[in-house]
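As the structure lists them, so they are numbered: ligands from 1, and atoms in each ligand from 1. Computed from a predicted model, the values in this text were never measured in an experiment.
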Amino acid sequence: MRRVVVTGGAGFIGSALVRALLARGDRVVVIDNLMTGREDNLAEVADRIEWERDDIRDYEALVKAFRGAEVVFHLAAIPSVPRSIEEPALTHDVNVNGTFNVFRACLATGVRRVVYAASSSAYGDTEVLPKVETMLPRPLSPYAAQKLMGEYYARVFYLCYGLEAVSLRYFNVYGPRQDPTSPYSGVISIFLRALLERRSPTIYGDGEQSRDFTYVEDVVALTLKAADAPNVGGKVYNAGNGQRYTLNYVWGLLQRLEGVELPAQYAPARPGDVRHSQADITAAVRDLGHSPQFTLEEGLRRTLEWQRAQLRRG
Ligand code: UD1
């Protein structure tokens with residue numbers, strides 16, 4: 001049985017990854033300080049995991065937890081572009097220093113591979129679509145810069161020390177367990193909650209900005225593949241669906257799915273906001289065997305049903 005570690009394993013994406021790892025028979029250690037993760041996300045599997053309530057800013061704790069692990073999935077972070085603008089020092093400490101600690105601890109404990117959750121935000125306002133990994137990054141927010149720094153460290157740890165660190169630039173991941181209640185939540189979770197409560201959502205800007213919304217199970221499948229693919233040390237891959245949809249389109253689709261009419265309200269665009277985002281997934285398909293399975297409509301239906309069940313539970 002192989003021992004693997006998931007930092008941020010109580011988070012929305014991390015907990016989905018933990019369930020997938022357990023399903024294939026791995027022994028899973030979860031590291032999460034519950035700053036943005038929730039214990040509830042792991043309730044179903046709590047008795048099958050090892051749980052360390054550690055903070056990635058604590059290097060010694062990481063070294064202890066990583067001993068004997070073959071792969072580390074590094075997903076712990078404070079996500080959110082607006083939060084990083086409001087709290088640049090805190091988010092830097094976690095996203096940059098914490099990530100540095102994770103790579104250092106991998107090295108100290110002989111971990112074979114680390115898969116790092118990087119972000120599509122690194123592309124910023126690059127004009128060409130879809131975004132290809134060879135483009136020069138142009139981060140627009142502290143969050144984007146912090147996540148990009150992690151990629152650079154992943155590369156450097158591979159080149160200088162031989163740590164097989166691979167970065168996946170996640171593109172606007174959505175799905176069950178994404179928390180809809182925080183102002184920093186992903187837009188789809190916020191839209192779905194508004195829909196179920198029959199409220200109009202707020203769209204920042206004109207709603208014509210677009211995103212490559214990627215269903216969580218597709219990202220999890222790719223993350224698993226990245227742990228085993230050969231010759232990917234130091235490399236960066238887009239982890240997206242390959243499509244893009246505007247916010248106006250998504251809100252229109254959601255209203256149709258529920259058979260309601262709730263025109264959105266519009267507010268000024270958010271600072272640091274990217275205009276368009278879409279992944280070129282050629283490299284991920286070629287090197288990692290990426291094969292997204294979920295259309296936006298299917299992913300939205302599943303997420304909607306999960307949120308509906310959550311609301312019923314109260
Ligand atoms: C960015 C990154 C993404 C990263 C995420 C972490 C890009 C392209 N994507 O997502 O890879 O994982 O940060 O948080 O940079 N919006 C509304 N109404 C709302 C909430 C949001 O209109 O109530 C708008 C935002 O202004 C934005 C879009 O929806 O234009 C998406 O926002 P959000 O879900 O927060 O993600 P990004 O900032 O795109």
Side-chain angles (χ1 to χ4, degrees), residues 8 11-14 36 75-87 91 94-95 116-127 129-131 135 137-148 150-151 167-175 178-195 197 199-216 218-219 223 236-241 243-252 254 262-280 296 300 303:
F12 147 59
I13 307 173
T36 58
L75 277 68
I78 302 183
S80 171
V81 168
R83 184 161 183 192
S84 77
I85 294 174
E86 280 158 36
E87 298 184 84
T91 54
V94 172
N95 296 342
Y116 164 63
S119 170
S120 61
S121 57
Y123 290 109
D125 58 357
T126 48
E127 268 156 30
L129 286 172
K131 314 279 190 190
M135 286 174 168
R138 289 171 62 164
L140 293 177
S141 62
Y143 176 74
Q146 292 156 8
K147 279 283 162 178
L148 185 59
E151 289 182 14
S167 301
L168 299 180
R169 286 183 178 163
Y170 289 174
F171 277 71
N172 291 75
V173 185
Y174 72 99
Q178 191 170 30
D179 176 15
T181 59
S182 148
Y184 302 123
S185 299
V187 68
I188 286 195
S189 67
I190 293 176
F191 274 10
L192 291 174
R193 177 58 65 95
L195 183 71
E197 292 179 343
R199 287 185 283 109
S200 292
T202 301
I203 290 182
Y204 301 116
D206 62 6
E208 287 305 299
Q209 68 266 48
S210 61
R211 293 291 183 271
D212 188 341
F213 293 110
T214 306
Y215 190 61
V216 64
D218 281 332
V219 158
T223 303
V236 176
Y237 292 97
N238 286 340
N241 188 286
Q243 316 276 332
R244 76 186 165 92
Y245 298 94
T246 67
L247 295 189
N248 287 331
Y249 174 82
V250 173
W251 182 243
L254 289 176
L262 292 163
Q265 290 174 356
Y266 290 83
R270 284 201 311 210
D273 211 32
V274 167
R275 185 69 180 160
H276 298 297
S277 179
Q278 180 181 14
D280 181 323
L296 179 69
L300 288 177
T303 315

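- Heavy atoms of Y143 found under 4.0 angstrom from ligand 1 belong exclusively to the side chain.
- For ligand 1 and S120, the ligand atoms under 4.0 Å from any heavy atom of the residue are 2 (C), 3 (C), 7 (C), 8 (C), 9 (N), 11 (O).
- Remark: ligand 1 atoms within the under-4.0 Å shell around heavy atoms of L247 are 22 (O), 24 (C), 28 (C), 29 (O).
- A salt bridge is absent between R169 and D280: the closest approach of a Lys/Arg side-chain nitrogen to an acidic carboxylate oxygen does not fall below 4.0 angstrom.
- Checked against a 3.5 angstrom limit, the closest N/O atoms of V187 and ligand 1 fall inside it.
- For atom 3 (C) of ligand 1, the nearest non-hydrogen atom from the set S119, P271, S185 belongs to S119.
- Under 4.0 Å from ligand 1, heavy atoms of S121 appear from its side chain as well as its backbone.
- The backbone N or O of G240 lies less than 3.5 Å from no partner atom in the side chain of N238, so there is not a single donor-acceptor pair.
- Below 30°, between 30° and 60°, or above 60°: for F191 and W251 the angle between ring planes is above 60°, a perpendicular geometry.
- Residue Y170 has at least one heavy-atom neighbour below 4.0 Å for each of these atoms of ligand 1: 11 (O).
- Remark: side-chain polar atoms of Y116 are paired, donor with acceptor, to backbone N or O of K147 under 3.5 angstrom.
- Set against the non-hydrogen atoms of V81, the atoms of ligand 1 under 4.0 Å away are 1 (C), 13 (O), 38 (O).
- Among protein heavy atoms, atom 25 (C) of ligand 1 sits closest to R270 NH2, 3.5 Å.
- The protein non-hydrogen atom at the shortest distance from atom 18 (N) of ligand 1 is T202 O, 2.8 Å.
- Which parts of ligand 1 touch V274 is read off a 4.0 Å heavy-atom cut-off, strictly below it: atoms 15 (O).
- Shown in contact with S277 at under 4.0 Å from a heavy atom are these atoms of ligand 1, numbered in order with element: 8 (C).
- Counting heavy atoms closer than 4.0 Å to ligand 1, residue N172 contributes atoms from both its backbone and its side chain.
- At the top of the distance list for atom 22 (O) of ligand 1, counting protein heavy atoms only, stands Y204 N, 2.9 Å.
- Contact check on R138 versus D125 returns a salt bridge, with a Lys/Arg side-chain nitrogen under 4.0 Å from an Asp/Glu carboxylate oxygen.
- The main-chain N or O of Q265 is never found under 3.5 Å from a side-chain atom of T202 such that the two would form a donor-acceptor pair.
- Taking every heavy atom of both residues into account, T91 and R83 meet most closely at CG2-O, 4.3 Å.
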- request: Using the side-chain contact (heavy atoms from CB on, under 4.5 Å) rule, take R244 and L129 through it: C-alpha gap first, then chi angles, then the decisive distance, then the call.
  value: CA-CA 10 Å; R244 76 186 165 92; L129 286 172; 3.6 Å; yes
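- At a heavy-atom distance under 4.0 Å, only side-chain atoms of R211, from C-beta outward, approach ligand 1.
- Aromatic rings of Y245 and F213 (six-membered ring for Trp) have centroids beyond the 6.0 Å cut-off, not under it.
- Interface atoms of ligand 1 facing G186, defined by a heavy-atom separation under 4.0 Å, are 34 (O).
- In terms of polar-atom proximity, S80 is counted as a contact of ligand 1, with an N or O under 3.5 Å from an N or O of the ligand.
- Ligand-side atoms of ligand 1 in range of D273: 25 (C), 26 (O), 27 (C), 30 (O), range being under 4.0 angstrom from any heavy atom.
- A salt bridge between E127 and R275 is absent, with no side-chain N of the basic residue lying under 4.0 Å from a carboxylate O of the acidic one.
- The closest donor-acceptor contact from the side chain of Q178 to the backbone of V173 lies under 3.5 Å.
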